[in-house]
K.L.:
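Encoded as structure tokens, here's the structure I'll be asking about.
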Number of protein chains: 2
Amino acid sequence: MKATASSAAPSAAPNGSDGTGEKRTINAELWHACAGPLVSLPPVGSLVVYFPQGHSEQVAASMQKDIDVHVPNYPNLPSKLICLLHNVTLHADSETDEVYAQMTLQPVSTYDKEALQLSELALRQTRPPMEFFCKTLTASDTSTHGGFSVPRRAAEKIFPPLDYSMQPPAQELQARDLHDNTWTFRHIYRGQPKRHLLTTGWSLFVSGKRLIAGDSVLFIRDEKQQLLLGIRRANRQPTNISSSVLSSDSMHIGVLAAAAHAAANHSPFTVFYNPRASPSEFVVPFAKYQKAVYGNQISLGMRFRMLFETEESGTRRYMGTITGVSDLDPVRWKNSQWRNLQVGWDESAAGERRNRVSIWEIEPVAAPFFICPPPFFRTKRPRLPGMPGTCVLRFQRPNTYASYEVIIVTINSKPVIYSVDMKLVSFHLLIKLHTYLCSSSYYCGKACGLI
Amino acid sequence: MKATASSAAPSAAPNGSDGTGEKRTINAELWHACAGPLVSLPPVGSLVVYFPQGHSEQVAASMQKDIDVHVPNYPNLPSKLICLLHNVTLHADSETDEVYAQMTLQPVSTYDKEALQLSELALRQTRPPMEFFCKTLTASDTSTHGGFSVPRRAAEKIFPPLDYSMQPPAQELQARDLHDNTWTFRHIYRGQPKRHLLTTGWSLFVSGKRLIAGDSVLFIRDEKQQLLLGIRRANRQPTNISSSVLSSDSMHIGVLAAAAHAAANHSPFTVFYNPRASPSEFVVPFAKYQKAVYGNQISLGMRFRMLFETEESGTRRYMGTITGVSDLDPVRWKNSQWRNLQVGWDESAAGERRNRVSIWEIEPVAAPFFICPPPFFRTKRPRLPGMPGTCVLRFQRPNTYASYEVIIVTINSKPVIYSVDMKLVSFHLLIKLHTYLCSSSYYCGKACGLI
DNA sequence: GTGTAGGCTGCGAGCCGACAA
DNA sequence: TTGTCGGCTCGCAGCCTACAC
């Protein structure tokens, strides 16, 4: 979709005519901003591990459809392929602006030191924190009634400074999107109380990108002080509801057959990685994989942290416990390491976190207090009324008024205590707490204690 | 895309929430009207021939990309599979209204009489001609400046009759689209000279369906006298420029691997047939295939007719000559019958007709006059100036003023004469004409002769 | 600090016949 | 018969502040 003729219409050369991609290379910074803080792509030339199972999962997520029984097994296709990453190109769907990466992989049986070192580089590389802000659009932002209310900090950090001697202070902003189209906005500082607004041009952007309340828009400033802007749609329906080109069965078969053929011939093949379509990356730096698999002793009850993306495009670590190790798909993918760890999360309120992860996604933490002997959870433990499996207690120190949250999990009818933040709760405090709880009868419900 | 709240917004239950398809069955009449007059789907339970090569072609057309060298051969996959057609469901893309059909096929090695007879039925079945009209939208039709100018005949044939005693005569029309959304239009008969117009509601339809000049809209009246309307987009860029889910290689491999797996196991598989994406149907009634292959003796120089769709959704037969028989893809598909006939067309002006067809697409006509000995055309014959390869002559009979067109093709430096319409030009007339032309020197340019 | 609503205004969507092909 | 244009008008897109949380 091209914006229709108007002041905000793309001034750059339109470039949607050719087939697969864009002639210009996509701005990598903007691409990563849209992809989110957790996404990092392995360097070209490095060694990676490709998981066809994860790839299949992404297809299923995009098609909103599980793998069908008709999809055959590929007994000769291993659950993971060590590959050389020949090429990575960044793309954005011309209709939806959805970001994705195209990777060319080649299965290898031997590899040189350089490729291995490059994949280690991927672990150390941390992108410099860029100047950007991300805001989830409100009903007012997307209505035709008005413009876009810019959070104060965001405007001051990202936008060029206004001349506050003007009445009212205002300027014209130009920002380029992923397709290198330029959008023009009037940036004005007005109202009572004063606030930053984008007015003229904003509604064209909203309708052009078909944004609705709940979607996010993000602005970044590149090294040349130029504004770039991207969008991130809320998790509404998948963009490709049904492809009308290929049945989902054929798609799944295509993924598997392409990988199997490449593996058998050591020939290159191409995959699309769509970071926002599926929860897990299925092309993992080899060093990251190796370090996780050989560095971590997985045991039931092991505590770990894992990075998640926050509302506002930041990151946050959540804590969890390994509750089981088993095949995600025992029929098709026996002994696969793809999401073979069953986990429970400390904060159940946050809700929709996955109950299965792969070992390279987590950071084990040495449990400072209590490690349960296996078997840890019975898989289907009936919830006894009045005795929740998990509850959160808030304790307060009398002198400092600092408060600490601990998690009480009922295991084998015994309470086990986990701290939410290891840094704040001292070992002695936990011991005391443990003693206190063990001496008391079973505890349930919300409560505050004093230690 | 749902129309936003307004008088023309869908009054029917919205039904785009589930994944693959529509809960309601699509109106078959409307689907066929949108698919075009040439498309007919084989009956469920009948025997069909599936051509993976043609399927692959459709994928390539949808992806705007040719088959890559990376796509492996499937030496065990024959170029055609005899299949039982288990299921056919009609669909329309919720974004674009593009029509497509989902078919479940099962390769068979033996088949019963019933399935064979059913596939013969497909040949005899002629859909009853439905009441419909199709108009290609003009710039005025799609501009925001006004409404839709309804061709007089169309309005009188399809729309409910107006009360011409009103000043001006006007009524409200309601029409349902493929997704069962209802669109409301004001139909008025006014202007000087008087004409039929759709005004209020029309622009919402245009913007809702994102129609542009060159696209077509069609109205049909069903058996309950209710209006249905569909759209047909002009041949602009393919809707799925690049899928962002699967690489085109994987798609091709998926098609082939799915067919190969099904063929090996005699298990069912699913294909999407998108009649407007690719020029040829790749699922053919078995009887049609058999009749063509065993009924027609193909020889170079053979004359044939073939049905094409006209601008206004009618059909027209064009005449052509078989100029060669060879594999379309000698590497991947040796000895395949898929579009293995090279052809030339009598009317080169119409231009974009394919130069390769399959035998079941054509109707051989007994050449009443002249059959050229092979080799017929030299493949790259230079056009001699002043001596066109093809020219059209119009002859007129003195007594009736009836005129006949004949085609003169220069072959091996000799003129060969074809009649455009076999019914009108008698054999004797052609003989006379032939003699006339042979006795004269070479003929070129436009001319009228008298016989 | 920021989301939403009410008020006001000007532009363009949309209805009309004129006119020409 | 029907495509396009100029003219006219009214609805709503879009800019503003007030106010609430």
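Model, not experiment: these values are computed from the prediction. Numbers restart at 1 for each chain; the letters A, B, ... are given by sequence-line order, proteins then strands.
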K.L.:
Could you check whether B/Lys209 pairs with B/Asp177 (Lys NZ or Arg NE/NH1/NH2 to Asp/Glu carboxylate O, under 4.0 Å)?
P.N.:
yes
K.L.:
Taking the six-membered ring for Trp, are the ring centroids of A/His196 and A/Phe159 within less than 6.0 Å of each other?
P.N.:
no
K.L.:
Please list, in numerical order, the residues of residues 164-172 of chain B that have a heavy atom closer than 4.0 Å to any atom of DNA chain D.
P.N.:
none
K.L.:
Mind calculating the distance between CH2 (A/Trp202) and P (D/dC15) to the nearest angstrom?
P.N.:
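To the nearest whole Å, that distance equals 12 Å.
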K.L.:
Checking the side chain of A/Arg232 only, and the main-chain atoms of A/Cys34 only, is there a donor and an acceptor separated by less than 3.5 Å?
P.N.:
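Here the side-chain-to-backbone pair exists.
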K.L.:
Quick one: ring-ring contact (aromatic ring centres under 6.0 Å, His included) partners of B/Phe148, sequence neighbours excluded?
P.N.:
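Expected list: B/Trp202.
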K.L.:
Tell me, which of residues 185-199 of chain B have any heavy atom that sits under 4.0 Å from an atom in DNA chain D?
P.N.:
B/Pro193, B/Lys194, B/Arg195
K.L.:
Are the side chains of A/Leu137 and A/Val217 in contact, using a 4.5 Å heavy-atom criterion?
P.N.:
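Side chain of A/Val217 against side chain of A/Leu137, heavy atoms only: contact under 4.5 Å found.
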K.L.:
Of the non-hydrogen atoms in A/Leu178 and A/Val99, which two are nearest, and what is the gap between them?
P.N.:
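For A/Leu178 and A/Val99, the tightest heavy-atom pair comes out as CD1-CG1, 3.5 Å.
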K.L.:
Rounded to the Å, how far apart are A/Phe205 CZ and D/dG14 P?
P.N.:
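Taking atom P of D/dG14 as the reference, CZ of A/Phe205 is at 15 Å.
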K.L.:
Quick one: is C/dT2 close enough that its OP1 or OP2 comes under 4.0 Å of any side-chain N or O from A/Thr138?
P.N.:
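So the side-chain polar atoms of A/Thr138 never come under 4.0 Å of the phosphate oxygens OP1 or OP2 of C/dT2.
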K.L.:
Under 6.0 Å between ring centres: does that hold for B/Trp183 and B/Phe205?
P.N.:
yes
K.L.:
Can you name the residues that form a side-chain contact (heavy atoms from CB on, under 4.5 Å) with A/Thr315, not counting sequence neighbours?
P.N.:
A/Pro37, A/Leu38, A/Leu307
K.L.:
For the helix from C/dG1-D/dC21 to C/dA21-D/dT1, what is the angle between the axes at its two ends, each from 5 pairs, rounded to 10°?
P.N.:
40°
K.L.:
Classify B/Ser140 by what it touches in the nucleic acid, base, sugar-phosphate, or nothing, heavy-atom distance under 4.0 Å.
P.N.:
base
K.L.:
Salt bridge (charged side-chain N to carboxylate O under 4.0 Å, His left out) with B/Glu309: which of B/Arg317, B/Arg316, B/Arg276?
P.N.:
B/Arg276
K.L.:
Could you tell me whether a side-chain N or O of A/Gln171 sits under 3.5 Å from a main-chain N or O of A/Pro160, the two making a donor and an acceptor?
P.N.:
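Yes, the answer is positive, given that a donor and an acceptor are paired below the 3.5 Å cut-off.
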K.L.:
Rounded at 0.5 Å granularity, tell me how far CG in B/Leu228 sits from CZ in B/Arg176.
P.N.:
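The CZ atom of B/Arg176 is 5.5 Å from CG of B/Leu228, to the nearest 0.5 Å.
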K.L.:
In whole angstrom, what separates B/Arg153's CZ from D/dT1's P?
P.N.:
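Going from CZ in B/Arg153 over to P in D/dT1 covers 9 Å.
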K.L.:
Whether the side chain of A/Arg221 engages the backbone of A/Lys157 through a donor-acceptor N/O pair (distance < 3.5 Å, no angle test) should be reported.
P.N.:
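Such a contact is found between A/Arg221 side chain and A/Lys157 backbone.
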K.L.:
With a 4.0 Å heavy-atom cut-off, tell me which residues in residues 141-151 of chain A come close to DNA chain D, sorted by residue number.
P.N.:
A/Thr144, A/His145
K.L.:
Between B/Asn27 and B/Gln226, is any pair of side-chain heavy atoms under 4.5 Å apart?
P.N.:
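When only atoms from C-beta onward are counted, B/Gln226 and B/Asn27 do not touch, as no gap falls below 4.5 Å.
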